[in-house]
Amino acid sequence: MTVRVGVIGAGMIGQDHIRRLTDVVAGAQVTAVTDIDSGRAAETAVRVGARALPDGPALIAADDVDAVLVTSWGPTHAEHVLNAIAAGKPVLCEKPLATTAEDCLRIVDAECSYGRRLVQVGFMRRYDAGYRQLKGVLDGGTIGTPLMVHCAHRNPTVPDAYHSAMAAQDTAVHEIDVLRWLLGDEIVSAQVITPRATSRRFEHLKDPQIMLFETAQGVRIDLEVFVNCQYGYDIQCETVGETGLARLPDPAAVGIRTAGQHGSAVLQDWKDRFGDAFDTEFREWIASVEAGGEPTGPSAWDGYAATVITDATVRSLESGQQPVTVDMKPRPALHGGPA
Ligand code: NAD
Ligand code: ISE
């Protein structure tokens with residue numbers, strides 16, 4: 001069976017995922033595209049042999065759409081995901097699930113009322129080969145009980161439109177999700193500290209930021225977010241346990257020795273760093289839809305948790321850099337809570 005996918009939002013990442021569904025993932029076909037820029041939707045649809053439809057509701061209702069991909073702007077995600085649940089169609093929504101915790105909860109509640117999982121959130125790091133190896137080491141007990149995690153998330157530069165809260169909402173949100181998954185633990189408090197600012201930033205931006213998280217089991221996480229580091233796109237994650245240390249591997253790169261130096265290139269872009277992870281994410285999502293089962297990736301609850309934790313992080317940044325307690329609702333039975 002071919003899974004027929006409708007795509008809402010044909011911008012930067014929407015185009016990349018349309019290419020992925022068309023050229024990389026077997027068993028999938030993009031049959032419908034919509035964008036508030038109707039010219040962009042039409043051009044994209046012609047290119048991939050799909051139909052351009054006027055808006056999200058028309059696309060979700062279409063008979064030739066089995067599953068929905070949401071790659072529009074964050075504030076529009078909740079409406080499209082809620083409509084997909086109402087139509088009983090599986091939906092993969094790029095992060096964030098929604099921009100407010102209240103909207104995330106409406107999605108969680110709607111899915112619970114529907115009675116089975118339909119929603120997957122696009123936290124692609126869980127599909128990265130290195131992170132999966134790291135999780136295997138932690139789950140296997142090789143380094144004993146985890147005690148501390150040291151992380152860094154560096155981008156070479158960001159545009160003028162990137163503001164200080166985005167360090168949590170747009171950037172650290174990936175660590176927030178992947179660390180909850182890696183540790184099998186919940187983040188219960190967040191704090192932001194701002195060191196000396198780099199001169200290579202737009203004036204309004206606090207950069208770098210150091211984020212400190214604590215989990216329910218008492219694991220301490222420090223995360224450096226530095227989005228104007230100049231030298232490249234660099235993701236680091238090192239877990240220290242009772243009997244050892246496990247580090248996320250750097251992407252494979254040719255070692256070069258020349259002119260009295262040795263080294264290797266540093267990637268410059270998240271699309272290159274996590275390209276394979278996105279491919280795996282889509283292969284596994286399409287396989288779950290094809291099998292008629294529930295999605296196996298990050299859930300609506302994970303989307304809610306990430307938004308509540310990023311909200312606490314931003315509150316710390318904006319209110320004097322004190323620790324802020326994460327105030328999460330009880331987990332429903334559909335997402336592993338008590339029946
Ligand atoms: P973009 O601005 O390039 O593209 C968004 C597109 O959605 C635009 O073409 C816009 O016209 C369209 N659009 C907006 N509202 C719409 C609506 N209601 N209906 C139909 N079309 C609509 O943005 P982008 O960089 O592609 O980001 C899109 C989403 O993907 C964001 O939520 C972003 O956070 C997420 N994203 C995730 C990752 C990741 O690493 N997983 C990376 C980049 C972006
Ligand atoms: C971007 O939206 C991403 O998701 C990237 O992974 C992240 O590194 C970048 O900082 C964000 O702006």
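Whatever order the structure lists ligands and atoms in, that order sets their numbers, starting from 1.
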> Which value, rounded to the nearest 0.5 Å, describes the distance between Gln209 atom CD and Thr313 atom OG1?
Replying inline: 9.5 Å
> With respect to atom 29 (C) of ligand 1, which of Gly9, Gly11, Ser72, Pro54 exhibits the smallest heavy-atom separation?
Replying inline: Ser72
>> For the 3.5 Å polar cut-off, considering only N or O atoms, please tell me whether Gly14 and ligand 1 meet it.
In response: no
> Do the side chains of Ile187 and Phe123 join up, straight or via other hydrophobic residues, at under 4.5 Å, putting them in one cluster?
Replying inline: no
> Are there more than 12 heavy atoms of other residues, nucleotides or ligands under 6.0 Å from atom CZ of Arg200?
Replying inline: no
> Among protein heavy atoms, which lies nearest atom 30 (O) of ligand 1, and at what distance?
Replying inline: Ile13 CG2, 3.4 Å
>> Looking at ligand 1, is there an atom of it that comes within less than 4.0 Å of some heavy atom belonging to Gln15?
In response: no
>> For atom 10 (C) of ligand 1, which of the options Thr99, Val121, Leu59, Asp35 provides the nearest non-hydrogen atom?
In response: Asp35
> Does the pair Asn228 and Leu205 meet the rule for a side chain to side chain contact (heavy atoms under 4.5 Å, CB included), with working shown?
Replying inline: CA-CA 10 Å; Asn228 288 284; Leu205 182 63; 3.6 Å; yes
>> Using heavy-atom distances only, which candidate in Lys95, Lys271, His80, Met12 approaches atom 19 (N) of ligand 1 most closely?
In response: His80
> Could you walk me through whether Leu248 and Ile235 pass the side chain to side chain contact (heavy atoms under 4.5 Å, CB included) check?
Replying inline: CA-CA 8 Å; Leu248 179 73; Ile235 303 299; 4.0 Å; yes
>> Any non-hydrogen side-chain atom of Thr171 less than 4.5 Å from a side-chain atom of Tyr162?
In response: yes
> Once the angle between the rings of Phe282 and Trp285 is folded into 0 to 90°, is it parallel (under 30°), tilted (30 to 60°) or perpendicular (over 60°)?
Replying inline: perpendicular
> Considering residues at least two apart in sequence or located in another chain, which fulfil the side-chain hydrogen bond (donor to acceptor under 3.5 Å, both in side chains) criterion with Thr44?
Replying inline: Gln15
>> List the protein residues in contact with ligand 2, where contact means a heavy-atom separation under 4.0 angstrom.
In response: Lys95, His153, Asn155, Asp170, Thr171, His174, Tyr233, Trp270
>> At under 4.0 Å between heavy atoms, is it the side chain or the backbone of Ile36 that contacts ligand 1, or both, or neither?
In response: both
> For ligand 1, does Ile8 get within less than 4.0 Å through its side chain, its backbone, both, or neither, judged by non-hydrogen atoms?
Replying inline: side chain
> Could a heavy atom of Phe274 be found less than 4.0 Å from some atom of ligand 1?
Replying inline: no
> Do Trp270 and ligand 1 have an N or O pair less than 3.5 Å apart?
Replying inline: no
